[in-house]
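Right, one structure below, let's go through it.
Small disclaimer: the values here were computed from a predicted structure and weren't measured. Basis for what follows: all heavy atoms, side chains included, without hydrogens, waters or symmetry-related copies.
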Amino acid sequence: MTEQTSSVEDAAATPVENATPTPVEDATPTPVEDGTTTPVEVPAAQPPAPEEASAVAAPEAVPAVVDPEVPSTAVGSEAPPAPVRKDRRVLRALLRWTAATVVFAAVGTSVAYGITRMDRTDVPGLATESDGRWDYPTITRPPLPSGRPRPLAESNRTGTHYADLRRLVLPAPKGAHVDAALRGTDGWLATKTFLAEYASRDDRETVGQQLTDNGLRHIAARGWTTPDGTHTRIYLLQFDSVVVADEVNSPGLTSYNTPIYALRGAERTMADDRFPDRAAVDDVIRHAYDEVKPYGAEQVRQAYLSAGDTLALIVQSRKGAAKAVPFQQTVVLQSQLLG
């Protein structure tokens, strides 16, 4: 029993490709190169006594090439019976097949465990099982003018975005239809188009006056509609410094629980406490809000971002319900572009 256990352990340690059992014909003695078998002469023996003749076996010829896995038989000694050699071959083959089965089972188990530990998008074939994220193109920040710091660098005390603001607006995801109304003139949007997002006329006038008083420089924007009907609008408003942009953001337009001014179709809005904290981008202030049920014709989600000298408003609306995942994805990506 000990010998068999040792053989199983040795075989299990062998890699999978070496665990294939040896065919039966490979275990037979290999003939001499010229195809003959050289007999070995045995000295003549004295004739046995008549009563012993039936007990004496005729000597066998020793094979020229011996199977390395089978012990050699000395000349004149009695060769092991054929059934014993056959049983040993069968046993070796059985042990090898058993080892191969164990190895394959172990590999299969480890692969299955590895797949369960991976993210869905890391597994080929499962990556198409969407969790709601959109397929954005490769996103890169535009280059800065030579010698100019990033907007949130310590050396940039005014928080100025030296890159072209129009190139800092998040691009539309693949398959989306771009909203031509938000392209503006040469990429710059008229203030009145931005103000049209607010629900009441009084609010539009009030917000417009705030922008004028705080020296709004210009607005860059982009909008699109995805195949599921989600309508996205992004506005980037640039001021002279980070101090001014922060003032316009809060207390100008936002508070902790609700936005100061309601957007169209979202008169009842509260802070979105389900927005994951780990999605925060360093030095970018975020206020995310979600419409409170019951919704109107559409559900509206919105977020204000303050990054350096720039204030952003992101709005997503969809008939029935606006999904949380693409909204969060869009907010985070835009935050990273501004950071």
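Exactly one residue among N156, L144, L337, T310 makes a side-chain contact (heavy atoms from CB on, under 4.5 Å) with H161. That residue is T310.
For the pair D240/D309, no side-chain contact is recorded, criterion being any heavy-atom separation below 4.5 Å from C-beta on. Residues L253 and P259 are not in side-chain contact: their nearest non-hydrogen atoms beyond the backbone lie 4.5 Å or more apart. Put simply, the side chain of T158 does not reach to within 4.5 Å of the side chain of V242, judged on heavy atoms. Contact of the H231 side chain with the W224 side chain is not registered, since no non-hydrogen atoms from C-beta on lie closer than 4.5 Å.
In this structure, the separation between CZ on R233 and CG on L189 is 12.5 Å, given to the nearest 0.5 Å. The structure places CD of E291 at 13.0 Å from CE of M270, a figure rounded to the nearest 0.5 Å. One distance of note links NE2 of H287 with OG1 of T258; it measures 10.5 Å at 0.5 Å rounding. Here Y304 contributes atom OH and S250 contributes atom OG; the two are 11.5 Å apart, rounded to the nearest 0.5 Å.
Relative orientation of the W134 and Y136 rings is tilted, given thresholds of 30° and 60° on the angle between their planes.
Between R264 and E197 there is a salt bridge, with a side-chain nitrogen of the basic residue lying less than 4.0 Å from a carboxylate oxygen of the acidic one. A salt bridge links D290 to R274: at least one charged side-chain nitrogen sits closer than 4.0 Å to a carboxylate oxygen.
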- request: Step by step, work out the side-chain hydrogen bond (donor to acceptor under 3.5 Å, both in side chains) result for D228 and T226.
  value: CA-CA 5 Å; D228 68 349; T226 51; 2.5 Å; yes
task: Before giving the answer on salt bridge (Lys or Arg N to Asp or Glu O under 4.0 Å), spell out for D272 and R301 the whole-Å C-alpha distance, their side-chain angles and the decisive distance to 0.1 Å.
output: CA-CA 9 Å; D272 185 359; R301 296 178 182 271; 3.7 Å; yes
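Between the side chain of R204 and the backbone N or O of A199 there is at least one donor-acceptor pair closer than 3.5 Å. Side chain of Q334 to backbone of L168: a donor-acceptor contact under 3.5 angstrom is found. With hydrogens and angles disregarded, no donor-acceptor distance shorter than 3.5 Å links the side chain of R150 to the backbone of G159.
Residues V248 and L338 are members of separate hydrophobic clusters, defined by side-chain heavy-atom contacts under 4.5 angstrom among Ile, Leu, Val, Met, Phe, Trp and Tyr.
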